[in-house]
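Everything numeric here is computed off the predicted structure, so don't read it as measured data. First the proteins, then the strands, lettered A, B, ... as listed; each starts at 1.
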Amino acid sequence: MIADDLVAALDAALHTIGLEVPSSGLEVVPTKNREHGDWQTNVAMVLAKSAGAAPREVAGRIVAALEAAAPAHVARTEIAGPGFINFHLASTWLYDVLGAVIGDGAAYGHGDAYADLAVNLEFVSANPTGPLHAGGGRWVAVGDAIANLLAAQGARVHREYYLNDAGHQLDIFAASLMARYRGEQPPEDGYQGAYLIDMADAMRADLGDDVSAEQAADWGYHAVVAELRDDLARIGVHFDTWFSERTLHERGDVTDVLTALREGGHTYERDGAEWLASEALGDQRDRVLVRSNGTTTYLTNDLAYHRDKLARGWTHLIDIWGADHHGQVKSLQVAMRALGVGTEAAPEPEIILGQLVKLERGGVVVRLSKRAGTVITLSDILDEVDPDVARLTFLLQGIDTALTFDLDVVTAQSMENPVYYVQYAHARVCSIARRAADGGVVRPQFADIDPSVLVHERELDLLRALAEYPETLRHAAALRAPHRVTTWVRDFASRVHGFYRDCRVITDDPALTHARLWLVESARIGLAGSLAILGVSAPEAMERLDVDEDGGEADGDGGEAGFEPAGE
RNA sequence: GCCCUCGUAGCUCAGGGGAGAGAGCAACCGCCUCCUAAGCGGUAGGUCGCAGGUUCGAAUCCUGCCGAGGGCACCA
């Protein structure tokens with residue numbers, strides 16, 4: 001990588017003139033403005049104070065030393081602005097990028113930052129008492145993409161879904177199902193959703209007219225889990241493990257946790273309940289472990305669960321939670337530390353918090369009411385838009401910001417969704433390759449082409465973006481921020497479209513055609529690779545939509561928001 | 001009251017110490033005898049919530065305030 005070469009050269013130059021490398025390290029970054037060259041460093045400004053000289057003067061010394069041993073590709077070095085050192089490179093550095101992309105293929109941009117990590121990533125984990133809520137789609141998309149990101153950095157990643165199938169909620173669910181089965185209203189505090197009526201009918205069809213409460217509880221549970229699995233499959237997410245909370249109770253893991261905490265002297269009795277002295281460990285307050293009725297709380301069970309994940313050999317635990325659970329983060333981490341976790345070998349669980357999704361319909365907030373049974377499910381969304389649209393919609397922005405999902409906007413404008421912009425770039429690029437093949441244009445071996453014919457700004461722009469891709473993936477993985485990949489690929493797609501417009505690939509100039517065919521292949525690799533991280537498909541062909549062919553795509557679902565004929 | 005996240009263009013959001021702050025949508029103006037126009041180019045649009053502080057340099061870090069969302073159960 002050119003950046004590494006420049007860092008090495010700077011390091012050597014500093015050594016030559018007797019300056020220390022800044023403690024923050026050497027920073028060489030791409031310039032934002034082309035006029036400032038290709039890469040820039042701020043070392044001179046960082047070192048000015050300790051060197052006891054003006055930044056530009058320090059820069060001058062560094063540049064002099066650099067020129068004595070000029071690194072490859074550097075055409076010109078200049079001092080600019082308050083003391084930046086700008087590197088103007090020959091475009092040969094970009095031909096190296098092209099070579100790297102072609103050489104690595106689908107693995108281009110991947111790294112080994114997490115090669116030693118065995119990650120257990122738990123996400124979604126919605127209670128098995130009904131279908132997946134539409135807002136939960138955010139965790140589906142984000143979790144899967146984070147898993148892909150970590151895997152692309154060499155981690156072994158395990159996707160896990162925790163089924164809270166031992167608590168009170170499930171009893172209430174079973175009672176609600178049983179009530180519907182008998183044609184009655186669910187209990188006051190029960191699940192009012194209409195889906196239970198359908199489910200009760202299905203149960204009757206399955207088990208007949210004489211179903212016991214126990215049978216109903218069991219049947220209902222399995223039906224819900226099957227439905228969760230189906231919904232997730234529809235959007236293309238597969239979990240390696242569906243972990244049942246019951247297991248923890250049956251095996252005695254929960255009592256083991258209690259024993260360990262007691263032995264550590266972290267528990268006490270009050271008001272007939274058993275408490276964890278978590279405030280002393282850094283929590284906001286103490287927490288109940290065992291209720292006065294003898295049952296264990298969510299926290300206790302969750303501790304047993306996290307211990308089990310470690311016992312199964314996962315060295316790094318990650319949970320993705322909605323912000324509505326933020327109050328539990330500290331409790332879990334602090335208690336895990338009390339259990340001896342939090343060491344180098346067993347770091348405490350990493351909790352990724354995401355802000356909640358606000359559902360709207362036509363600008364009006366859809367309030368979810370259990371009583372009224374107003375529920376919009378993920379599968380409702382998938383009935384209206386394809387999984388790629390749903391996924392990318394959830395991956396457009398950072399997880400720290402609340403996301404508004406307007407069902408009308410997302411469905412009515414699904415054709416304008418950025419996902420098609422990116423996929424179209426991929427389809428176009430594939431189309432070129434197809435055309436070339438159909439026309440009998442044979443792409444020579446990469447080693448046999450002359451990349452130096454690639455001099456158009458559009459061509460170089462593609463390679464510049466590809467040069468930054470590995471760094472983008474690394475950052476996205478480190479920050480657990482898949483939306484950075486979305487941002488990158490949208491920008492890259494824009495460059496691909498620009499190139500497509502301005503640079504004809506298949507021409508009567510064989511050298512240029514051959515080089516561009518490989519360039520196009522590198523673009524395909526970049527698009528397909530980043531889309532794969534996001535869990536979005538990369539179609540090789542898409543139909544052209546012409547404005548005057550108004551309509552199209554009538555989804556026939558009685559949609560009141562049909563597509564307007566768009567043009568005058 | 002305490003804790004977490006967010007306030008950037010009309011709207012939805014990128015950028016999270018570096019040089020005139022970016023994109024998409026919406027508005028306006030252009031571009032298909034040529035590899036798919038789901039495309040490309042251009043114009044217009046900003047006190048980066050407010051006030052202090054740190055720094056050579058702050059939209060970015062710190063503090064306070066204002067505003068929005070989410071938490072503060074012997075629910076999960």
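- Ion pairing of E457(A) with R464(A) is present here, as a side-chain N (NZ or NE/NH1/NH2) and a carboxylate O approach within less than 4.0 Å.
- At most 12 heavy atoms of other shown residues, nucleotides or ligands fall within 6.0 angstrom of atom CD in E20(A).
- Interface remark: the R501(A) side chain does form a donor-acceptor pair with the rC31(B) base, using a distance-only criterion of under 3.5 Å.
- Across all strands, A54(A) comes closer than 4.0 Å to no nucleic acid atom at all (heavy-atom distances).
- Side chain of L353(A), nearest nucleotide from rA37(B), rU12(B), rC4(B): rC4(B).
- Across all strands, R490(A) comes closer than 4.0 Å only to sugar-phosphate atoms, never to a base (heavy-atom distances).
- Anti is the classification of rG30(B), since its glycosidic angle lies more than 90° from 0.
- In rC32(B) the base sits syn relative to the sugar, since the glycosidic angle is no further than 90° from 0.
- Counting to the nearest Å, the P atom of rU5(B) and the CZ atom of R138(A) are 15 Å from each other.
- Stacking is not found between H483(A) and the pyrimidine-like six-membered ring of the rA14(B) base under the 5.5 Å centre-distance and 30° plane-angle cut-offs.
- Among the heavy atoms of the strands lying under 4.0 Å from G398(A) are primed sugar atoms or P, OP1, OP2 only; no base atom is included.
- On the P atoms, rU43(B) is 29 Å away from rA58(B), given to the nearest whole Å.
- Distance noted for atom P between rC29(B) and rG70(B): 42 Å (whole Å).
- Ring geometry for Y162(A) against Y305(A) counts as parallel: the plane angle stays under 30°, on a 0 to 90° scale with 60° as the upper cut.
- Nucleotides rG46(B) and rG10(B) have their P atoms positioned 6 Å apart, rounded to a whole Å.
- Comparing rC35(B), rG41(B), rA19(B) against the side chain of R504(A) picks out rC35(B) as the nearest.
- By the stacking rule of 5.5 Å between ring centres and under 30° between planes, H497(A) does not stack on the base of rA37(B).
- Evaluation of atom-type donor-acceptor distances gives no pair under 3.5 Å for the side chain of N42(A) against the base of rA19(B).
- In this structure, Q40(A) reaches the bases: a heavy-atom distance under 4.0 Å links it to at least one base atom across the strands shown.
- Smallest separation of non-hydrogen atoms from Y421(A) and H497(A): O-NE2, 3.0 Å.
- Here rC2(B) sits opposite rG71(B) as a Watson-Crick or G-U wobble pair (both hydrogen-bonding atom distances under 3.5 Å).
- Residue-level contact check: Q355(A) touches the bases, meaning some heavy atom is under 4.0 Å from a base atom.
- Residue A80(A) is in base contact, counting any heavy-atom pair closer than 4.0 Å across all strands shown.
- Proximity of K32(A) to the phosphate of rG22(B): no side-chain N or O atom is located under 4.0 Å from OP1 or OP2.
- Look at F84(A) and the base of rA19(B); the rings stack, centres closer than 5.5 Å and planes less than 30° apart.
- Between K49(A) and rC56(B) there is a side-chain N or O to OP1 or OP2 distance below 4.0 Å.
- Annotation: rU8(B) and rU60(B) have their P atoms spaced 13 Å apart (nearest Å).
- When heavy atoms are screened at a 4.0 angstrom cut-off, T401(A) is found touching the sugar-phosphate backbone but no base atom.
- The side chain of T404(A) sits closest to rC13(B) out of rU36(B), rC3(B), rC13(B).
- The side chain of R428(A) lies closest to rG39(B), out of rG39(B), rG71(B), rA76(B).
- G327(A) comes within 4.0 angstrom of the backbone, heavy atoms only, and of no base.
- Across all strands shown, A433(A) has no heavy atoms under 4.0 Å from either base or sugar-phosphate atoms.
- Across rC4(B) and rC50(B), the matching P atoms stand 23 Å from one another, rounded to whole Å.
- The same atom, P, is picked in rA21(B) and in rC25(B); the two are 22 Å apart, to the nearest Å.
- Using a 4.0 Å heavy-atom distance criterion, D406(A) is classed as making no nucleic acid contact.
- With both ends at atom C1', the span from rC13(B) to rG52(B) equals 29 Å, rounded to whole Å.
- Not one N or O on the side chain of S537(A) forms a donor-acceptor pair closer than 3.5 Å with the backbone of P539(A).
- Nucleic acid contact class of S292(A) (heavy atoms, under 4.0 Å, all strands): base.
- In this structure, T297(A) and R287(A) have side chains that are not in contact, with every pair of non-hydrogen atoms separated by 4.5 Å or more.
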(Q) Could you go through W242(A) and Y161(A), starting from their C-alpha distance and side-chain angles, then the distance that decides it, and tell me whether this counts as ring-ring contact (aromatic ring centres under 6.0 Å, His included)? (A) CA-CA 5 Å; W242(A) 291 72; Y161(A) 192 117; 4.4 Å; yes
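- With P as the reference atom, rC11(B) and rU47(B) are 12 Å apart, rounded to whole Å.
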